[in-house]
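Since the model is a prediction, treat every value here as computed from it, not as a measurement. The first residue in the sequence is number 1, and the count goes up from there.
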Amino acid sequence: MHISILDDYFDTLRTLDCFGKLAGHDVTIWNDHVQDVDLLAERLRDTEALVLIRERTQIRAPLLERLPKLKLISQRSVYPHIDIDACTRLGIVVSSGQHADTPSYATAEFTWGLVLAAMRAIPQQMAALKAGKWQIGVGHTVRGKTLGIYGYGRIGAVVAGYGKAFGMKVLVWAREPAMVKARADGYETATDKAAFFEQCDVLSLHMRLVDATRGLVTAADLVRMKPTALLVNTSRAPLIEPNALVNALRAGRPGMAAVDVYEKEPLRDTSDPLLTMDNVVCTPHLGYVSRDEYEIQFTDIFDQIIAYAAGTPINVVNPDVLGRRR
């Protein structure tokens, strides 16, 4: 098959052990990020199988309708960036394993790295040291403080465990079934959303972005946070109401943020308010970006291509398409 891979920024995939699974196929890898439909249509005109790295590129009907040879889209995890209805209508199989019960430990570890980096102002202290200054302030320890986990899923549960190991009090707010699980795991749950935002010293978001969660964190929620509190977002930027976080940080509640996700990615606007604030630690969506995580994810993604080529598609999210495949 003619396989195209988009958005492999550092040309990493060909260096993975699992890349050998694609031996015998014609593989083209694109290292830059492009969203222009005309350019993508030209690049992908001969593509039969398209590999996506998470949600980096939007795949909508105007593009899909210009890719007559496309038979399969293979990726991992959720797929809000793909027009599934258009794929089904056009006979394109979408395979995306949901890795049930397998959290992204890379994202959980990175979340915890951001917590420590922000609470101790590690990036700011490093920048000051390189500028010839010796210590620019006093940070905060986490032991004894309250770690809020908003959304107790696979990653949230792992981060909660890290908080417990660091001697923090863990407080959970989520849908009721998730809070039942949190309580079963020995964690306290908040009495209501307002109390949750008021009590947390560190509040970390761990939810999928769907219609029901878009803008779920509001300006009214943020203003309830302590002026010493830290908000961490390694999930999705639109979980927070537009402009609410920037305005809240300017107002001093919460006092800090650590952000790995943005409304528009890649973020290259150096004047973006989040990048100019001294009380914000910003990273370029690195949560799941580790070699170990890539091996796990792309083993699944490439196995989906092999299964399709063998006539037995797996992890199909639009099964209605199977009777009308190209």
Side-chain angles (χ1 to χ4, degrees), residues 1-9 13 22 25-99 207-216 235-239 242 261-268 285 288 297-298 300-309 311-326:
M1 297 180 72
H2 185 168
I3 301 169
S4 291
I5 301 175
L6 297 180
D7 296 302
D8 183 11
Y9 298 152
L13 299 192
L22 300 185
H25 294 284
D26 179 12
V27 182
T28 301
I29 299 177
W30 297 95
N31 306 128
D32 58 342
H33 172 73
V34 169
Q35 192 57 69
D36 181 79
V37 171
D38 290 337
L39 183 51
L40 284 172
E42 175 62 25
R43 287 186 174 186
L44 304 177
R45 62 182 178 180
D46 294 322
T47 299
E48 297 173 284
L50 177 62
V51 171
L52 301 179
I53 300 182
R54 302 300 289 264
E55 301 164 34
R56 291 178 177 176
T57 297
Q58 300 291 310
I59 307 296
R60 304 296 184 193
L63 174 61
L64 293 165
E65 289 167 354
R66 295 173 62 178
L67 303 177
K69 295 183 181 181
L70 185 61
K71 302 174 182 178
L72 171 70
I73 296 175
S74 186
Q75 64 143 55
R76 197 171 189 259
S77 197
V78 294
Y79 37 86
H81 53 300
I82 304 174
D83 188 334
I84 299 297
D85 290 340
C87 288
T88 302
R89 172 170 54 84
L90 295 167
I92 302 167
V93 173
V94 180
S95 286
S96 188
Q98 298 305 300
H99 51 100
M207 290 170 284
R208 289 182 172 180
L209 179 62
V210 296
D211 289 342
T213 60
R214 186 176 295 273
L216 191 63
S235 293
R236 294 293 180 269
L239 293 172
V261 288
Y262 307 89
E263 291 282 350
K264 183 179 180 181
E265 298 183 9
L267 174 62
R268 295 194 175 97
H285 205 154
Y288 66 94
Q297 291 196 17
F298 286 94
D300 288 353
I301 290 169
F302 297 156
D303 281 346
Q304 290 169 173
I305 294 175
I306 293 168
Y308 180 91
T312 54
I314 58 174
N315 300 327
V316 178
V317 302
N318 57 337
D320 290 345
V321 77
L322 295 179
R324 61 173 93 169
R325 280 191 289 164
R326 292 176 173 178

* Asked: Does some side-chain heavy atom of Ile3 sit less than 4.5 Å from a side-chain heavy atom of Val51?
  -> yes
* **Any side-chain heavy-atom pair of Pro266 and Tyr9 under 4.5 Å** => yes
* Asked: Can you tell me how far CG of Leu63 sits from CG of Leu39, rounded to the nearest 0.5 angstrom?
  -> 10.5 Å
* **Arg60/Asp83 ion pair, N-O < 4.0 Å** => no
* To the nearest 0.5 angstrom, please state how far the CG atom of Leu239 sits from the OG1 atom of Thr213. => 5.0 Å
* Asked: Nearest 0.5 Å, what's the CG-OG distance between Asn318 and Ser95?
  -> 8.0 Å
* What do the steps show when you test Val321 against Val94 for side chain to side chain contact (heavy atoms under 4.5 Å, CB included), and what is the final call? -> CA-CA 9 Å; Val321 77; Val94 180; over 6 Å; no
* To do: Return the minimal non-hydrogen interatomic distance between Ala61 and Arg89, and the atom names on each side.
  => CB-NH2, 4.2 Å
* **Whether over 12 other heavy atoms sit under 6.0 Å from Asp211 CG** => no
* Side-chain heavy-atom pair Leu44, Arg66 within 4.5 angstrom cut-off -> no
* **Straight-line distance of Leu209 CG to His81 NE2, nearest 0.5 Å** => 12.0 Å
* Structure fact -> Scanning both residues in full, the closest heavy-atom pair of Val93 with Pro313 reads CG1-CB, 4.5 Å
* What closest approach, in Å, do Asp46 and Lys69 show between heavy atoms, and which atom pair accounts for it? -> OD1-NZ, 2.9 Å
* To the nearest 0.5 Å, tell me how far Gln75 CD sits from Leu50 CG. => 9.5 Å
* Show your reasoning for whether side chain to side chain contact (heavy atoms under 4.5 Å, CB included) applies to Leu70 and Leu64. => CA-CA 8 Å; Leu70 185 61; Leu64 293 165; 3.9 Å; yes
* Closest heavy-atom pair and its distance - Asp8, Ile53 -> CA-CD1, 3.7 Å
* To do: Please answer whether the main-chain N or O of Pro242 pairs with a side-chain N or O of Glu263 as donor and acceptor at a distance below 3.5 Å.
  => no
* Is a side-chain N or O of Gln35 found less than 3.5 angstrom from the main chain of Gln58, in a donor-acceptor match? -> yes
* Asked: Is there a donor-acceptor pair closer than 3.5 Å between any side-chain N or O of Gln98 and the backbone N or O of Ser96?
  -> yes
* To do: Please report the shortest heavy-atom distance between Ile314 and Ala307, naming the atom on each side.
  => CG1-CB, 3.8 Å
* Asked: How far apart are the C-alpha atoms of Glu65 and Leu90, what are their side-chain angles, what is the distance that settles it, and do they pass the side chain to side chain contact (heavy atoms under 4.5 Å, CB included) test?
  -> CA-CA 7 Å; Glu65 289 167 354; Leu90 295 167; 4.0 Å; yes
* Asked: Can you name the nearest heavy-atom pair linking Ala237 to Tyr262, along with the distance?
  -> CB-C, 3.2 Å
* With side chains defined as the heavy atoms from C-beta onward, is the minimum distance between Arg236 and Glu55 less than 4.5 Å? -> yes
* Name the orientation class of the two ring planes belonging to Phe302 and Phe298 (parallel below 30°, tilted from 30 to 60°, perpendicular beyond 60°). => tilted
* **Check against side chain to side chain contact (heavy atoms under 4.5 Å, CB included), Glu265 and Arg56** => CA-CA 7 Å; Glu265 298 183 9; Arg56 291 178 177 176; over 6 Å; no
* Side chains of Asp7 and Thr57, donor plus acceptor under 3.5 Å -> yes
* Structure fact -> CD1 of Ile59 to CG of Leu52, rounded to nearest 0.5 Å, is 5.0 Å
* Does His2 use its side chain to pair, donor to acceptor, with the backbone of Glu48 at less than 3.5 Å? -> no
